[in-house]
Amino acid sequence: MNTPANTAITEKPVTTIREIGQHEGQSVTIRGWLYNLRESGKLLFPIFRDGSGIIQGVVPKNAVSPEMFESIKNLTQESSVIVTGKVRADKRAPGGYELDVTDAQVLQRVNPDDPYPITPKEHGVDFLMEHRHLWVRSPRQAAVLRIRAEIIKAARDFLDERGFTLTDPPILTPAACEGTTTLFPVDYFDEQAYLTQSGQLYIEATAMALGKVYSFGPTFRAEKSKTRRHLTEFWMVEPEVAYGTLDDLMVLAEEFISFIVARVLERRRPELETIGRDISKLEKIAAPFPRITYDEAVQMLQDAHAKGLIENKFEYGGDFGSPDETYISSQFERPVMVHRYPAAVKAFYMEPDPERPELALCVDVLAPEGYGEIIGGSQRAESYDLLIKRIHEHELPEEAFRWYLDLRKFGSVPHAGFGMGIERAVAWICGLEHVRETIPFARTLHRLYP
RNA sequence: UCCUCAGUAGCUCAAUGGCAGAGCAUCCGGCUGUUAACCGGAGGGUUGUAGGUUCGAGUCCUACCUGAGGAGCCA
């Protein structure tokens, strides 16, 4: 960090607030922003943040020049500043250390006539989302974004270490995986293209080439959903395994999630504490996860209705609604894997259960604490004849799936894969109310700005 | 698409149909250990928009706009 460019500004070692404890008793420089300023007569308490943490500075009037004292006293919230001072351990400081400020170079002072809008007070959702580009500076939001990054790294490390190859599917696609009403259309020269809903069909192709593959990227759904679990643009990680079966997939899913949670607990505990997550709930997350069939889940729901625990009676054959998923997941402390749904309510590309062909070899992983479905996966239809029949049944354009059907003509094998929604996983692991806080700039039904 | 709720100062919110207010933020003043500091003072408003009822509307009625939560659909 101590490059010539930095030493031009100051001769003291440049450090971060996170690592400032290593410099106790020394004079150091930190580069950041004013988070808040308290004063008590001839004593100033400027609080600085630098992206790594927060530290309180102390400036007695008689310790610095009158000009320096005035300069710090006139600092406004979020003014950028390079601060030099001596690191001192102090029991009164929340982070354990304070900085006895000797110098503060103001790069840009925020104009008090147009002050920083996000004050250290309560704000509403609409206001914060309108100022998301500034809201990300808040300690809580910064912690969530660090955990998100850790979850993504953990997901990729897990797959990379197990012999999966990252193969990036296209974002611009000619057709839908599922219904066309949920696609975002874009002009593609003289043709109509759509933003991808899932990389799945493409990674089925690369799985036939490379064996074990995954994709990680943005996906888009034009669903008019206004709930705490929905974004129109969200990120998915999707592994796909040639010669994989539904049973293989469930083992992969539970090990995958367990690895990610363990990694966050290992490396992002301070951030989990910053956001006030109940860590004991995460410490219970370890494979194996409970597995129940769709039939068993339906029985649970009908028993619950009989006992008056849930409002609506669930009819066999339908897909679970949000309240149903919440009830099922609330019965377990670990994620629960629900498998073998009726094929009629699932996507066209799923392999039927050979023992009960009306069921699909699929699995949904429901996160605990009511966070709903974080993973959906299946063994894929293997036979050309079945697949083309399903494409027709779902009234999908056969022409657009010509290449996909080729995969069943040229060495078709059993294969399986799943997709995990990053934002829902982050919301669950962080214990957040809404997925909009799990991504730097959320795209929701009514928000395209900032 | 449907259901519910909300829109008043920069922000968070008050105001029985009867003078539009408080806290925070901003500005001025005070305080040598403050922890969303505190104390005193100042400035700051076309009450989302358009109609209607009424002696009188922030408040009641209608329509619309914007946002939030939920349903459906989904990760």
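Naming: A, B, ... by sequence-line order, numbering from 1 per chain.
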Write down the distance separating the [atom1] atoms in [N] and [M], rounded off to the nearest Å.
{"N": "G72(B)", "M": "G45(B)", "atom1": "C1'", "result": "42 Å"}
{"N": "G23(B)", "M": "A14(B)", "atom1": "P", "result": "16 Å"}
{"N": "C64(B)", "M": "U26(B)", "atom1": "P", "result": "42 Å"}
{"N": "C65(B)", "M": "C73(B)", "atom1": "C1'", "result": "27 Å"}
{"N": "A20(B)", "M": "A57(B)", "atom1": "C1'", "result": "13 Å"}
{"N": "A22(B)", "M": "A9(B)", "atom1": "C1'", "result": "11 Å"}
{"N": "G51(B)", "M": "G10(B)", "atom1": "C1'", "result": "30 Å"}
{"N": "A50(B)", "M": "A68(B)", "atom1": "P", "result": "24 Å"}

Taking any heavy-atom pair under 4.0 Å as a contact, classify [X]: base, sugar-phosphate, or nothing.
{"X": "Glu423(A)", "value": "nothing"}
{"X": "Thr119(A)", "value": "sugar-phosphate"}
{"X": "Gly124(A)", "value": "sugar-phosphate"}
{"X": "Ile375(A)", "value": "sugar-phosphate"}
{"X": "Ser322(A)", "value": "base"}
{"X": "His131(A)", "value": "nothing"}
{"X": "Pro60(A)", "value": "nothing"}
{"X": "Arg140(A)", "value": "nothing"}
{"X": "Glu373(A)", "value": "sugar-phosphate"}
{"X": "Lys61(A)", "value": "nothing"}
{"X": "Asn36(A)", "value": "sugar-phosphate"}

If I take atom [atom1] in residue [X] and atom [atom2] in nucleotide [N], what distance separates them, rounded to the nearest angstrom?
{"X": "Ile54(A)", "N": "U35(B)", "atom1": "CD1", "atom2": "P", "answer": "16 Å"}
{"X": "Lys121(A)", "N": "A9(B)", "atom1": "NZ", "atom2": "C1'", "answer": "16 Å"}
{"X": "Leu37(A)", "N": "A36(B)", "atom1": "CG", "atom2": "P", "answer": "15 Å"}
{"X": "Phe127(A)", "N": "A6(B)", "atom1": "CZ", "atom2": "C1'", "answer": "18 Å"}
{"X": "Glu130(A)", "N": "G10(B)", "atom1": "CD", "atom2": "P", "answer": "15 Å"}
{"X": "Glu223(A)", "N": "A71(B)", "atom1": "CD", "atom2": "P", "answer": "13 Å"}
{"X": "Arg447(A)", "N": "U66(B)", "atom1": "CZ", "atom2": "P", "answer": "13 Å"}
{"X": "Asn312(A)", "N": "G70(B)", "atom1": "CG", "atom2": "C1'", "answer": "13 Å"}

According to the interplanar angle, ranging from 0 to 90°, do the rings of Tyr294(A) and Tyr316(A) count as parallel (below 30°), tilted (30 to 60°) or perpendicular (above 60°)? perpendicular
Would one find more than 12 heavy atoms of other residues, nucleotides or ligands at under 6.0 Å from atom [atom1] of [X]?
{"X": "Glu161(A)", "atom1": "CD", "value": "yes"}
{"X": "Glu333(A)", "atom1": "CD", "value": "no"}
{"X": "Glu393(A)", "atom1": "CD", "value": "yes"}

May I ask you to verify if any side-chain N or O of Arg436(A) is less than 4.0 angstrom from the OP1 or OP2 atom of G69(B)? yes
OP1 or OP2 of A75(B) less than 4.0 angstrom from a side-chain nitrogen or oxygen of Arg221(A), does that happen here? yes
Nucleotide nearest [X] when distance is taken to its side chain, options [options]:
{"X": "Gln56(A)", "options": "G33(B), G69(B), G72(B)", "answer": "G33(B)"}
{"X": "Leu43(A)", "options": "A75(B), A68(B), U32(B)", "answer": "U32(B)"}
{"X": "His230(A)", "options": "U34(B), A75(B), U12(B)", "answer": "A75(B)"}
{"X": "Glu98(A)", "options": "A71(B), G33(B), A68(B)", "answer": "G33(B)"}
{"X": "His446(A)", "options": "A68(B), U35(B), C74(B)", "answer": "A68(B)"}
{"X": "Arg424(A)", "options": "U1(B), A75(B), C73(B)", "answer": "A75(B)"}
{"X": "Val58(A)", "options": "G72(B), C74(B), G33(B)", "answer": "G33(B)"}
{"X": "Arg229(A)", "options": "A75(B), C74(B), A36(B)", "answer": "C74(B)"}
{"X": "Arg38(A)", "options": "C27(B), A68(B), U34(B)", "answer": "U34(B)"}

With a 4.5 Å heavy-atom cut-off, do Pro169(A) and Ser215(A) have their side chains touching?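 Heavy-atom side-chain distance check passes, below 4.5 Å.
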Where each residue is assigned the nucleotide of RNA chain B containing its nearest heavy atom, which of Asn62(A) and His123(A) is assigned the position nearer the 5′ end? His123(A)
Between Gln77(A) and Phe45(A), just flag the one whose closest nucleotide in RNA chain B comes earlier from the 5' side. Gln77(A)
Closer than 3.5 angstrom, by distance alone: can the side chain of Gln302(A) be matched with the main-chain N or O of Phe314(A) as a donor-acceptor pair? yes
Any chance you could lay out the side chain to side chain contact (heavy atoms under 4.5 Å, CB included) test for Phe289(A) and Met250(A), step after step, and finish with the verdict? CA-CA 9 Å; Phe289(A) 294 164; Met250(A) 289 198 278; over 6 Å; no
Can you give me the closest heavy-atom contact between Leu183(A) and Tyr194(A), atom names plus distance? CB-CD2, 3.5 Å
Charged N to carboxylate O under 4.0 angstrom, Glu369(A) versus Arg277(A)? yes
Polar contact flag, side-chain donor to acceptor under 3.5 angstrom, Gln299(A)-Asp295(A): no
Pull out every stem in RNA chain B, meaning runs of 3 or more consecutive Watson-Crick or G-U wobble pairs with both distances under 3.5 Å.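 Stems found: B:1-7 with B:65-71, B:10-13 with B:21-24, B:26-30 with B:38-42, B:48-52 with B:60-64.
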Can a donor-acceptor pair under 3.5 Å be found between the side-chain atoms of Thr227(A) and the base atoms of G69(B)?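 In this structure, the two groups form no donor-acceptor pair.
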Donor-acceptor pair under 3.5 Å, Lys226(A) side chain vs A68(B) base: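 Yes, the side chain and the base share a sub-3.5 Å donor-acceptor pair.
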How about Tyr341(A) and Phe320(A): are their ring centroids closer than 6.0 Å? yes
